[in-house]
Undergrad: 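I'd like to ask some things about the structure below.
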Amino acid sequence: MSEPVDRARRALIQAPADLLLNSVAEVMGRAYGIEQVELLQVDYRLSVLLPLTGGEPVSGPGHPAWRCFDHQVPLVADGYAYLPVSMRGERRGVLRVGPAPDDGAVLAELAEIATALSHEISAVTDGTDVYRVARRSRRLTLAAEMQWELLPGRSRVRSTFSLAGQLEPAYAVRGDSFDWSDDGDRVWLATINGSGTGVAASLLTSLATFALRNARRAGLSLADQAALADQAVYEVHRGERHLAVLLMELDLHSGVMTVVDAGSPRLVLLRDGEVHEQPLEKQFPLGMFEDTDYREQHFALRHGDRLFVVSDGVIEAASQATRYGDVALDRFLRRTGPMQPLDAVRSLIGDLRAFVAGDLVDDAVVVCLDWTGPRS
C-alpha cells in the first residue's frame, strides 16, 4: 500500500461521519494535485447518480460515470477520473475527481481510496442520514423507508456466488422484500412476496424477516426457519394476515440447493441460455394456519447456473391487458446471460417499466443469484 493510500485510509477512519468526502479530497489534493472531488451515489431506483454536494444528477446511460458504475473499472474521460465506490460487490456509486492523472499507477491508487471510502460510508451510515438523504431523488413513503432499512444490501459478490436484488416501486414499495446472509460455506436467501398495503404491509414483512433471521441465527434448518416464522406471524394475526416466502439455502461447495416454498414467488433457472421454471412443492404461506409443518426439497446447480426469483408484481404487470410474465419475461431473462446479477436485475426492472410505460403500481421484487463455485 502506498503512503498516500495509507494516509487516506487513516483520514477516513478519523473523520467525522458527515465529512468523509472532505477528508478524502484533502488527501488527494496534497498527494496527487486533485482539485475537484465529487461522490455520485446511485439512487434507490438504480436509475440516476446523485451528487453528494448538490449539482446536476447523472442519468444518461452513456455518461462516463455510468460506464464506470456498470463495468466497475476506473476510467478517464473529459479531464476527469471516474472511480467505482463499491465494497464486496455492493455498488454505492462513483467518485469523480479532476484533473485526471495521466499515470496508470496513480489512477490505481485513487481507485483504492475510492474503495476505502465505500467501506467507511458503510461503517458510518447508521450514525448519520447524510448519505441516505443524498441518494434519493424524491421522498420515500414511510412503508418504503421501513422496507429499505430491512435490506442487507442490494448486491453481494464472492468467488463462489454473486447475488443482487431490487424492490419496485423503489420510492413507494410496501411489502415485497428480500434478505440474505452467507458464511463462506452457505448462502441463505429469503424472498418475500408481501401482502396488504402501506405501513401494515411493511410491518407484516418486518415481522416475518426478523423471525426468519432469528431462526437462521439459531442454527435451525430451513424447514424449521419457516415453521418459526409461520408461528410468529400466526401468533400476531391469527390467520387473518399471511405472506408468501421462498426460502433458499445454497451449499457453496457442492451447489446443492435446499428450498422451502411457502406460497412463494416464481423461481426460474437460466442454464446454457435456456429458461426453465424450477418446479417447487408449494406449501402454505407463512401465518395462514397454526403449527404448519414445512418440507424441504433439494436440487443441484451446475457451475455457471443463474437463478431468478420474481414476485407476482413482475409477472402480473400488464400493458393493454397483456401480462409481462406471459409475453416478455422469459425472452428478457435469456438476454441477461452475459450481465452481472445487479446489471441483470436493473435491466429487467427497466424493461418492465418500459413494458408498462411508467412506474409500477404493484410491489415487485427481483433477485438474481449466480453460483460460480466448483466445476466438478
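Nothing fancy with the numbering, it's 1 onward along the sequence. Every heavy atom of this structure was used, including side-chain atoms; hydrogens, water molecules and symmetry mates were not.
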Undergrad: Do the non-hydrogen side-chain atoms of Glu281 and Tyr294 ever get within less than 4.5 Å of each other?
TA: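 In short, these two side chains do not touch, never coming nearer than 4.5 Å.
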
Undergrad: Test side-chain contact (heavy atoms from CB on, under 4.5 Å) on Val42 and Arg154; report intermediate values, then the result.
TA: CA-CA 11 Å; Val42 69; Arg154 203 150 43 181; 3.6 Å; yes

Undergrad: Think Arg139 forms a cation-pi with Tyr171, using NZ or CZ under 6.0 Å from the six-ring centre and within 45 degrees of its axis?
TA: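 No, cation not above the ring by the 6.0 Å, 45° rule.
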
Undergrad: Please report the shortest heavy-atom distance between Val356 and Ala317, naming the atom on each side.
TA: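 Scanning both residues completely, I find the closest heavy atoms to be CG1-CB, 3.8 Å.
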
Undergrad: Could you tell me whether the side chain of Thr205 and the main chain of Gly175 form a donor-acceptor pair under 3.5 Å?
TA: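 It does hold such a pair.
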
Undergrad: Give a yes or no on whether the backbone of Arg156 and the side-chain of Glu90 come within a donor-acceptor separation of less than 3.5 Å.
TA: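 Side chain of Glu90 to backbone of Arg156, a donor-acceptor pair under 3.5 Å: no, none is there.
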
Undergrad: Could you give the distance from CG (Leu286) to CG (Leu247), rounded to the nearest 0.5 Å?
TA: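 If I round to the nearest 0.5 Å, the distance is 7.0 Å.
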
Undergrad: For the pair Trp371 (side chain) and Arg302 (backbone), establish whether a donor and an acceptor sit closer than 3.5 Å, ignoring hydrogens and angles.
TA: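 Here the side-chain-to-backbone pair does not exist.
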
Undergrad: Just by distance, no angles: are the side chains of Gln166 and Glu168 close enough, under 3.5 Å, to form a donor-acceptor pair?
TA: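 A pair is found: one side chain offers a donor N or O, the other an acceptor, under 3.5 Å apart.
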
Undergrad: Just by distance, do the side chain of Thr141 and the backbone of Ala144 share a donor-acceptor pair under 3.5 Å?
TA: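 Between the backbone of Ala144 and the side chain of Thr141 there is a qualifying donor-acceptor contact (under 3.5 Å).
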
Undergrad: Does Trp188 reach the side chain of Asp183, with side-chain heavy atoms less than 4.5 Å apart?
TA: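 Result yes, sub-4.5 Å side-chain heavy-atom pair found.
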
Undergrad: Linking I/L/V/M/F/W/Y whenever their side-chain heavy atoms sit closer than 4.5 Å, directly or via other members, would Ile121 and Val37 fall into one cluster?
TA: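 Yes; Val37 is reachable from Ile121 via cluster members.
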
Undergrad: Compare all side-chain heavy atoms of Gln297 with those of Gln278 and state whether any distance is below 4.5 angstrom.
TA: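 The answer is no; the side chains never approach within 4.5 Å.
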
Undergrad: Side-chain heavy atoms nearer than 4.5 Å, only ILVMFWY residues, links allowed to pass through others: does that put Val256 and Leu307 together?
TA: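 Result: no, two separate clusters.
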
Undergrad: Using 0.5 Å steps for rounding, measure from the CD atom of Glu112 to the CZ atom of Arg9.
TA: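 If I round to the nearest 0.5 Å, the distance is 6.5 Å.
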
Undergrad: Which is it for Leu348 and Tyr324 under the side-chain contact (heavy atoms from CB on, under 4.5 Å) test, yes or no, and what are the steps along the way?
TA: CA-CA 11 Å; Leu348 175 56; Tyr324 185 80; 3.2 Å; yes

Undergrad: For the residue pair Arg331 and Val275, establish whether any side-chain heavy-atom pair is separated by less than 4.5 Å.
TA: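 When only atoms from C-beta onward are counted, Val275 and Arg331 do not touch, as no gap falls below 4.5 Å.
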
Undergrad: If you compare all heavy atoms of Gly196 against all heavy atoms of Arg241, which two are closest, and at what distance to 0.1 Å?
TA: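 Gly196 and Arg241 have their closest heavy atoms at CA-NH2, 4.0 Å.
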
Undergrad: Provide the closest heavy-atom pair for His119 versus Arg88 in the form atom of the first, atom of the second, distance.
TA: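 Of all heavy-atom pairs spanning His119 and Arg88, the closest is CE1-NH1, 3.7 Å.
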
Undergrad: Distance check, rounded to the nearest 0.5 Å: Leu19 atom CG versus Gln14 atom CD?
TA: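 Reported to 0.5 Å precision, the distance equals 13.0 Å.
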
Undergrad: Between Gln283 and Val260, is there a donor-acceptor pair closer than 3.5 Å when you use the side chain of the first and the backbone of the second?
TA: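 No; judged by distance alone, with no hydrogens or angles, the pair does not exist.
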
Undergrad: Answer yes or no: is there a donor N or O on one side and an acceptor on the other, between the side chain of Asp103 and the main chain of Ala105, under 3.5 Å?
TA: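 Confirmed, Asp103 side chain pairs with Ala105 backbone.
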
Undergrad: Looking only at non-hydrogen atoms, find the nearest pair between Ser202 and Gln147 and report the distance.
TA: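 Taking Ser202 first and Gln147 second, the nearest heavy atoms are OG-OE1, 3.0 Å.
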
Undergrad: Got Asp78 and Pro64 here, is their nearest side-chain heavy-atom distance under 4.5 Å?
TA: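 Answer yes - side chains close enough.
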
Undergrad: State plainly whether one hydrophobic cluster holds both Val130 and Leu20, where clusters connect Ile, Leu, Val, Met, Phe, Trp and Tyr through side-chain heavy atoms under 4.5 angstrom apart.
TA: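 Hydrophobic grouping puts Val130 with Leu20.
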
Undergrad: Should Leu46 and Ile349 count as side-chain neighbours, where that means a heavy-atom distance under 4.5 Å?
TA: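 No, their side chains stay 4.5 Å or more apart.
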
Undergrad: Can Arg213 be said to sit on top of Phe210's aromatic six-ring, NZ or CZ under 6.0 Å from centre and within 45° of the ring axis?
TA: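 Yes; both conditions hold, so Arg213 lies above the ring face of Phe210.
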
Undergrad: Report yes if the side chains of Tyr32 and Pro4 come closer than 4.5 Å at any heavy-atom pair, otherwise no.
TA: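 Yes. Closest side-chain heavy atoms under 4.5 Å.
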
Undergrad: Only counting residues at least two apart or in another chain, list the ones meeting side-chain hydrogen bond (donor to acceptor under 3.5 Å, both in side chains) with Ser264.
TA: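 side-chain hydrogen bond (donor to acceptor under 3.5 Å, both in side chains) list for Ser264, sorted by chain: Asp261.
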
Undergrad: Where the side chain of His63 meets the backbone of Ala65, is there a donor-acceptor pair that is under 3.5 Å apart?
TA: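 At least one qualifying donor-acceptor pair exists.
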
Undergrad: Please state whether the rings of Phe178 and Trp180 are parallel, tilted or perpendicular, taking 30° and 60° as the class boundaries.
TA: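 Phe178 vs Trp180 ring planes: parallel.
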
Undergrad: The test is side-chain contact (heavy atoms from CB on, under 4.5 Å); show your working for Arg67 and Tyr82 and say whether it passes.
TA: CA-CA 9 Å; Arg67 299 206 309 270; Tyr82 295 86; over 6 Å; no

Undergrad: Nearest 0.5 angstrom please: Arg7 CZ to Leu12 CG, how far?
TA: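 One gets 12.5 Å once the value is rounded to the nearest 0.5 Å.
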
Undergrad: Measure the OG-CZ distance between Ser122 and Arg92 for me, rounded to the nearest 0.5 Å.
TA: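 Answer for the OG-CZ pair, Ser122 versus Arg92, is 4.5 Å.
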
Undergrad: Can you hop from Phe308 to Leu250 via hydrophobic side chains spaced under 4.5 Å?
TA: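 Cluster IDs for Phe308 and Leu250 differ.
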
Undergrad: Inspect the contact between Arg10 and Asp6 and indicate whether a charged nitrogen and a carboxylate oxygen are less than 4.0 angstrom apart.
TA: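 Yes, Asp6 and Arg10 are salt-bridged.
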
Undergrad: Is the closest basic N to carboxylate O distance between Arg136 and Glu145 below 4.0 Å?
TA: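 So Arg136 pairs with Glu145 through a salt bridge.
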
Undergrad: Determine whether the side chains of Asp176 and Ser311 contain a donor N or O and an acceptor N or O closer than 3.5 Å.
TA: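 Result is yes, a qualifying pair exists.
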
Undergrad: For Arg91, is there an ion pair with Asp343 - N to carboxylate O distance below 4.0 angstrom?
TA: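 Yes, Asp343 and Arg91 are salt-bridged.
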
Undergrad: Taking the side chain as everything from C-beta on, heavy atoms only, tell me whether Ser195 gets closer than 4.5 Å to His242.
TA: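 Counting from C-beta outward, Ser195 and His242 never come under 4.5 Å.
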
Undergrad: Dump the intermediate steps for side-chain contact (heavy atoms from CB on, under 4.5 Å) on Ile113 and Glu109, then the final yes or no.
TA: CA-CA 6 Å; Ile113 294 174; Glu109 291 183 4; 5.6 Å; no

Undergrad: Side chains of Ser86 and Gln72: do they bring a donor and an acceptor to under 3.5 Å?
TA: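 A donor-acceptor contact under 3.5 Å links the two side chains.
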
Undergrad: Let me check something: do Met288 and Tyr234 share a hydrophobic cluster, defined by ILVMFWY side-chain heavy atoms less than 4.5 Å apart, either directly or through other members?
TA: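 In one cluster with Met288: Tyr234, no.
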
Undergrad: Would you say Ser155's side chain and Leu163's backbone share a donor-acceptor pair under 3.5 angstrom?
TA: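 The answer is no, because no donor-acceptor pair under 3.5 Å joins these two groups.
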
Undergrad: For the atom pair CG (Leu49) and CH2 (Trp66), what is the distance rounded to the nearest 0.5 Å?
TA: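 Here the interatomic distance stands at 4.0 Å.
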
Undergrad: With respect to Phe161, which candidate in Leu301, Leu252, Asp370 satisfies the side chain to side chain contact (heavy atoms under 4.5 Å, CB included) definition?
TA: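 The side chain to side chain contact (heavy atoms under 4.5 Å, CB included) with Phe161 is passed solely by Leu252 among Leu301, Leu252, Asp370.
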
